[in-house]
Amino acid sequence: MPWLIALLCAGGVALVFFLAIERQAIEARERQHLQQQVRVINDNLSQQLEAMNRALEAVIDDAGPLPVSAEHVQRTQRRLKAFSRAMIGVRTMIMMDARGNVIAASRDGLLGRNFSERDYFRAARSATSPNTLIISPPYTTALNVWAITLARVMVDAQGNFAGIVTATLDPEAFTTLLESVRYTSDVSVTLAHGDGLRFLMVGQAAGLTDADMARSGSLLSSHLQSGEAATVFSGALFEGGPVQLMAIHTVQPAALQMDKPLLVAVARSRAAVFADWQYKAVALAVAYLVLALLTAGWLRSQQQRRLQRLQQERALAAMNAGFEARWRAVLEATNQGVWDWDTVTDRVFFSPVWKAMMGCAEDEVGDSLEEWRSRVHPDDLVAAQQVLQTHLKGETGVYEHLYRMRHKNGNYLWIHDRGGVVERDAQARPLRVIGSCTDVSQQRQQQQTLDRLTANVPGALYQYQREADGHSFFPYASTAIQDIYACRPEELQRDASPVFACIHPDDRQAVSNSIQQSARTLEVWLCEYRVLLPGRGERWISGRARPELLASGAVLWHGYLQDVTEAKQQAIQLQETERLLRHLMQEMPIGLLMVDGQGQAYYVNRHFRQLCGYSLDELSTPEQWWLLAYPDADQRARARQAWAQAVAQAENNGGYIPDQSYTITTREGLQRTLRIGGITFGNHFLATLVDDTEQQAENAFFRGLAYNDGLTGLANRRRFDELFEAEWQRCRRSQRPLAVLMIDIDQFKRYNDTYGHPQGDICLQQVADVLRQGCRRSHDLVARYGGEEFVCLLPECDLDAALAQAQALRKAVEQRGIKHRNADPSPVVTISIGVACRVPDAQSTPQQLLAMADASLYRAKAAGRNCVDAGAL
């Protein structure tokens with residue numbers, strides 16, 4: 001059969017053609033994907049650069065006229081520390097004068113240093129506009145960190161250069177951003193300065209060690225020469241290296257006057273991009289060769305059988321002619337896309353409706369099976385033929401498949417094809433196959449639209465069905481259901497039990513009861529509950545769904561699920577804060593009275609009732625207080641006039657009502673002199689009442705609030721600063737050593753993410769208790785330095801003793817055994833300690849000793865945590 005050989009050759013040519021088309025499509029998709037990832041980083045970096053620029057402007061504006069006064073320096077110091085802690089991606093913020101001397105910094109150890117030789121300082125000094133944002137090339141900072149610095153110029157009243165304010169980028173924060181767009185292991189992401197010097201790279205290709213990425217002939221230099229903001233290139237990153245696809249974007253927001261841009265590049269190995277295609281091409285080539293061999297064998301056998309069948313066919317032809325004519329008439333009359341395939345002659349009858357579905361006239365479609373094959377989408381042809389062959393072998397009862405077919409206008413229709421073998425010979429070989437086609441393009445398009453919509457919803461849309469016998473499943477669930485329950489939508493279409501298995505055991509019964517209640521009453525189902533997910537721990541889920549009773553007796557819910565863990569944790573923390581504030585107000589050793597805009601009292605605390613004796617019910621009207629507290633009319637008039645004047649002053653005094661002495665009459669009829677003041681907020685005010693006889697006790701209470709950390713009970717930062725300065729001067733006079741231990745809880749952010757902030761506070765209290773017990777000398781001081789950091793002040797303690805004390809504290813915290821299941825490598829809470837010690841002299845400062853301890857702590861962290869480091873002292 002020459003036509004079959006020609007068909008086989010044509011199939012081979014088509015296979016090569018479509019593989020080439022598919023390769024081009026894969027490369028186009030990958031280029032688009034790389035461009036999308038690089039745009040994500042560009043958008044994120046642009047927002048962060050704009051935020052940092054605004055922070056630098058705020059510091060300059062707040063500093064006021066230059067040169068900066070000592071008071072402004074202290075305020076700027078606090079603002080720099082606040083900005084540095086609050087802004088993601090900022091490691092250090094510094095203010096320098098016109099000579100490059102550091103006059104304020106977020107890190108005390110940098111005060112007094114001179115950085116006039118830095119490239120960014122020189123660039124700022126020669127900048128033509130104070131609005132220019134200076135972007136330094138990457139360099140090694142004073143704290144031995146590879147970083148980029150952003151700088152803004154400060155000018156004096158005459159417009160002359162007066163100094164700069166800088167923000168040093170934190171490489172760890174930007175490494176996290178670069179890692180977030182790596183969607184496969186062979187993807188590398190690079191952040192570089194506009195001059196080509198590499199700042200960060202994640203997923204670095206083997207052998208790429210040169211930091212200068214803009215060398216002649218490199219992909220980055222090609223991008224810079226193009227003048228385009230975004231480009232995609234293909235080539236080797238270095239000589240002899242693998243060929244890469246690289247998308248590059250120039251980061252230079254229009255709102256900023258940057259002297260140099262940043263460059264971000266996302267690259268992927270071309271070999272990895274086409275790995276699946278190469279496998280597929282080899283597999284199809286092997287399949288084609290096997291098919292060719294089978295065809296050759298089949299042609300040989302067919303030639304032998306053809307002579308035998310010819311006589312039989314002639315005998316049957318006359319008998320079947322009438323039947324065939326009637327059958328064709330029925331097919332032509334039906335309103336379905338029907339086809340009838342005679343496998344003996346390999347001829348196919350396509351009904352008029354089938355031809356019209358393809359947009360063809362009656363004479364534009366032949367009667368060979370190739371008519372069908374030529375219209376099937378190349379990506380679907382192999383699968384469609386495999387499904388058909390499986391049915392022809394008798395392995396399935398019905399042939400059914402969904403694939404795309406080409407319309408006459410060139411578009412592709414989604415076709416649902418269904419049929420079956422209606423006649424076989426004595427050897428069970430198929431002789432005739434009949435089926436029908438249905439155009440389901442519109443339904444398919446609707447499904448794709450729904451999938452795109454649900455992909456942009458911050459939660460999961462779903463249908464949940466519960467049968468009368470209790471069996472339940474999810475007829476539909478958007479892909480986001482995997483983020484909610486860690487289950488694929490396909491799994492849940494058969495059985496919903498995996499969902500209930502991941503619900504927290506303490507909440508499982510309540511969720512089941514709420515579903516049953518909604519099924520009985522057909523009321524909207526609303527529920528908040530916890531789930532336990534592998535690798536993510538406990539999460540809070542909020543669900544809402546409307547039930548529908550089906551004719552079968554089953555109930556079908558249409559609903560929405562959302563992960564509300566962060567909001568739930570914030571609500572719990574807010575409730576705890578509110579409870580604490582209420583408790584503090586109730587137990588404050590001063591009387592508190594809150595009054596609304598109509599003069600109606602609506603809150604009094606316990607101490608108010610002790611001082612005055614009046615309850616809130618007795619102050620039911622605005623006049624009740626004045627009548628009860630001042631029964632004498634003249635005294636009442638004077639008191640009201642004095643209070644009205646004090647409240648009037650508050651308007652020009654930031655809402656503060658100054659204290660004044662008032663003599664009131666208590667509920668028991670006693671005369672009591674009180675200092676009454678307060679604050680206004682809106683048209684409400686809070687009055688404070690203080691008994692002068694109790695002033696000494698109250699002073700002691702507030703002194704404790706001022707010098708003690710409210711969470712751990714240790715000394716706070718203010719107390720430490722005062723004692724540190726005093727001990728420095730004392731040890732300087734006595735020429736005795738002074739040691740400082742800087743302590744940080746290892747991986748504390750993971751602890752908070754795992755157990756929540758309330759449990760994190762308990763952890764801080766436990767660690768503080770261990771440190772308090774470990775420092776036994778009466779003149780040693782343990783203080784909370786901030787966040788998860790603590791500091792120990794050890795007067796008259798040499799380096800060896802300080803190291804021994806640090807090791808003892810580290811072991812004590814580890815032996816306390818505070819569980820931390822996500823810690824690496826130990827499953828308990830540990831600490832790292834930086835040690836610094838010296839004998840104070842006239843050439844050194846307390847801040848330098850503290851900076852030495854901080855640097856030692858940084859090295860202890862870098863050495864693997866849970867260790868002590870004293871540096872090169």
Side-chain angles (χ1 to χ4, degrees), residues 180 450-467 470-550 554-579 749-761 822:
S180 68
L450 177 61
D451 292 341
R452 286 193 290 269
L453 289 173
T454 56
N456 291 281
V457 173
L461 299 177
Y462 72 95
Q463 288 180 316
Y464 170 70
Q465 185 166 331
R466 191 181 185 90
E467 301 291 346
H471 175 68
S472 62
F473 58 96
F474 286 78
Y476 172 78
S478 63
T479 55
I481 201 75
Q482 298 183 81
D483 296 328
I484 303 294
Y485 293 126
C487 300
R488 292 184 295 105
E490 296 80 10
E491 300 177 52
L492 304 181
Q493 288 178 354
R494 298 184 297 273
D495 186 12
S497 58
V499 166
F500 290 92
C502 72
I503 295 178
H504 196 289
D506 295 343
D507 297 346
R508 196 171 296 155
Q509 188 60 47
V511 173
S512 179
N513 292 342
S514 66
I515 294 174
Q516 293 175 9
Q517 173 71 12
S518 178
R520 286 194 302 269
T521 63
L522 295 183
E523 295 176 349
V524 173
W525 175 73
L526 296 170
C527 192
E528 277 193 1
Y529 52 95
R530 294 165 294 173
V531 297
L532 298 175
L533 303 181
R536 296 173 60 194
E538 182 179 290
R539 309 292 295 176
W540 278 94
I541 305 300
S542 175
R544 176 188 177 91
R546 185 174 297 278
E548 172 190 358
L549 183 62
L550 303 182
V555 179
L556 177 65
W557 283 267
H558 310 269
Y560 173 73
L561 296 167
Q562 185 176 12
D563 188 325
V564 295
T565 304
E566 286 71 21
K568 192 72 176 179
Q569 291 174 346
Q570 291 174 2
I572 293 173
Q573 186 175 8
L574 183 61
Q575 291 173 1
E576 180 62 21
T577 302
E578 182 179 355
R579 184 195 65 78
K749 183 179 184 301
R750 288 191 189 176
Y751 190 97
N752 274 335
D753 291 344
T754 303
Y755 300 100
H757 288 279
Q759 188 62 36
D761 289 347
N822 284 334

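Remember, it's a predicted structure, so these values are computed and weren't measured experimentally.
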*Look at the side chain of Glu491 and the backbone N and O of Arg488, then say whether any donor-acceptor pair between them is shorter than 3.5 Å.*
yes
*Nearest non-hydrogen partners of Leu556 and Pro475, listed with the distance*: CD1-CG, 4.0 Å
*About how many Å separate CD of Gln517 and CG of Leu522, when rounded to the nearest 0.5 Å?*
10.5 Å
_Point-to-point distance, once rounded to the nearest 0.5 Å, from NZ of Lys749 to OG1 of Thr754_ = 9.5 Å
*Examine distances only and state if a side-chain atom of Arg508 and a backbone atom of Phe500 form a donor-acceptor pair shorter than 3.5 Å.*
yes
*Passes side chain to side chain contact (heavy atoms under 4.5 Å, CB included), Asp483 versus Asp563? Steps please.*
CA-CA 8 Å; Asp483 296 328; Asp563 188 325; over 6 Å; no
*Would you name the heavy atoms of Ile541 and Val564 that are closest together and state the gap between them?*
C-CG2, 4.1 Å
*asked:* So, taking the atom named CG in Leu492 and the one named CD in Gln463, what distance separates them when rounded to the nearest 0.5 Å?
replied: 13.0 Å
*Can you measure from OG (Ser512) to OH (Tyr529) and round to the nearest 0.5 angstrom?*
12.0 Å
*Quick check: are there more than 12 heavy atoms from other residues, nucleotides or ligands sitting under 6.0 Å from CZ of Arg546?*
no
_Tyr476 to Leu461 - nearest heavy-atom pair and separation_ = CE2-O, 3.9 Å
_Nearest atoms (heavy-atom pairs only) where Ile481 meets Cys487_ = CG2-O, 3.4 Å
*Take Ile484 and Tyr462 through the test side chain to side chain contact (heavy atoms under 4.5 Å, CB included) and record every step on the way to the result.*
CA-CA 11 Å; Ile484 303 294; Tyr462 72 95; over 6 Å; no
*Side-chain touch Phe474/Val499, heavy atoms, less than 4.5 angstrom*: yes
*Distance, nearest 0.5 Å, that separates OH of Tyr485 from CD1 of Ile503*: 5.5 Å
*Assess the side chains of Gln509 and Asn513: does a donor N or O sit below 3.5 Å from an acceptor N or O?*
yes
_Ser518 side-chain N/O to Ile515 backbone N/O, donor-acceptor pair under 3.5 Å_ = no
*Heavy atoms only: give me the nearest Ala519-Val555 pair and the separation to one decimal.*
CB-CG2, 4.2 Å
*Does any N or O in the side chain of Arg530 come within less than 3.5 Å of the main-chain N or O of His504, such that one atom is a donor and the other an acceptor?*
no
*Give the C-alpha distance, both sets of side-chain angles, the deciding distance and a yes or no for side chain to side chain contact (heavy atoms under 4.5 Å, CB included) between Phe473 and Gln465.*
CA-CA 6 Å; Phe473 58 96; Gln465 185 166 331; 3.7 Å; yes
*Do you know the tightest heavy-atom contact between Pro489 and Ser478?*
CG-O, 3.9 Å
*Does Arg544 come within less than 4.0 Å of Glu528, counting only side-chain N to carboxylate O?*
no
*Please step through side chain to side chain contact (heavy atoms under 4.5 Å, CB included) for the pair Trp540 and Thr565, ending with a clear verdict.*
CA-CA 5 Å; Trp540 278 94; Thr565 304; 4.1 Å; yes
*Which distance, rounded to the nearest 0.5 Å, do you find between the CZ of Arg539 and the CG of Leu532?*
11.5 Å
